[in-house]
Amino acid sequence: MKNSSQHNSRLVFCTRTGLPDTHPWDKIQTIAKRVGLGKFDLKTFRATRATEWLRPKWLGGCGYDIPTVRDLLGHDQDSESIWAYVRAVEMETIVRNEQGKREGCRAAIQTG
């Protein structure tokens with residue numbers, strides 16, 4: 001049975017009323033300082049996670065599609081900010097593909 005004080009919210013960390021709970025973030029800041037990361041900002045944290053979700057599995061990511069990541073971030077369908085993350089993943093994919101081609105050429109030259 002669901003507790004009547006619980007609120008349905010899409011947020012991972014929320015108060016009983018469904019509002020964002022900022023206290024977990026304070027704890028993360030404390031942990032980041034303790035392990036030597038210094039100032040840890042939410043924007044970088046979200047961007048890193050979004051990029052990881054979008055990154056293809058062959059590059060070590062989750063391989064989620066754009067609508068799924070948009071929903072996980074709480075962006076509406078008209079949001080343009082998702083495309084910054086998509087561009088970052090596309091650039092990483094291009095670089096990795098080019099590196100693979102160069103390594104293939106080097107191996108062919110060495111064995112040839």
Practice problem: Kindly compute the distance separating CZ (R46) from CG (L72), expressed to the nearest 0.5 Å. | Solution: 10.0 Å

Quiz item: Which value, rounded to the nearest 0.5 Å, describes the distance between N97 atom CG and Q99 atom CD?
Solution: 9.5 Å

Using the test side chain to side chain contact (heavy atoms under 4.5 Å, CB included), find all partners of [X] that sit at least two apart in sequence or belong to another chain.
X: T44; value: D41, T48
X: I28; value: W25, F40
X: L59; value: R55, P56, E92, T93, R96
X: R87; value: W83, A84, E90

Self-check item: Any residue meeting salt bridge (charged side-chain N to carboxylate O under 4.0 Å, His left out) with E80, in chain and number order, not counting sequence neighbours
Solution: none

Quiz prompt | Smallest separation among heavy atoms of H75 and S81, with atom names | solution =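 Heavy atoms only, the tightest pair is CE1-OG, 2.9 Å.
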
Quiz prompt | Which atom of C62 lies closest to which atom of W53, heavy atoms considered | solution =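 Nearest pair, atom of C62 first, then W53: CB-O, 3.7 Å.
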
Exercise. For residues 57-69, pull every pair meeting side chain to side chain donor-acceptor pair (under 3.5 Å), keeping only residues two or more places apart or in separate chains.
Key: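 Qualifying pairs, neighbours excluded: D65-T68.
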
Quiz item: If you look only at pairs with a residue in residues 66-76, which of them pass as a salt bridge (Lys or Arg N to Asp or Glu O under 4.0 Å), with sequence neighbours excluded?
Solution: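 For residues 66-76, and leaving out neighbouring residues, the salt bridge (Lys or Arg N to Asp or Glu O under 4.0 Å) pairs sorted by first residue read R10-D71.
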
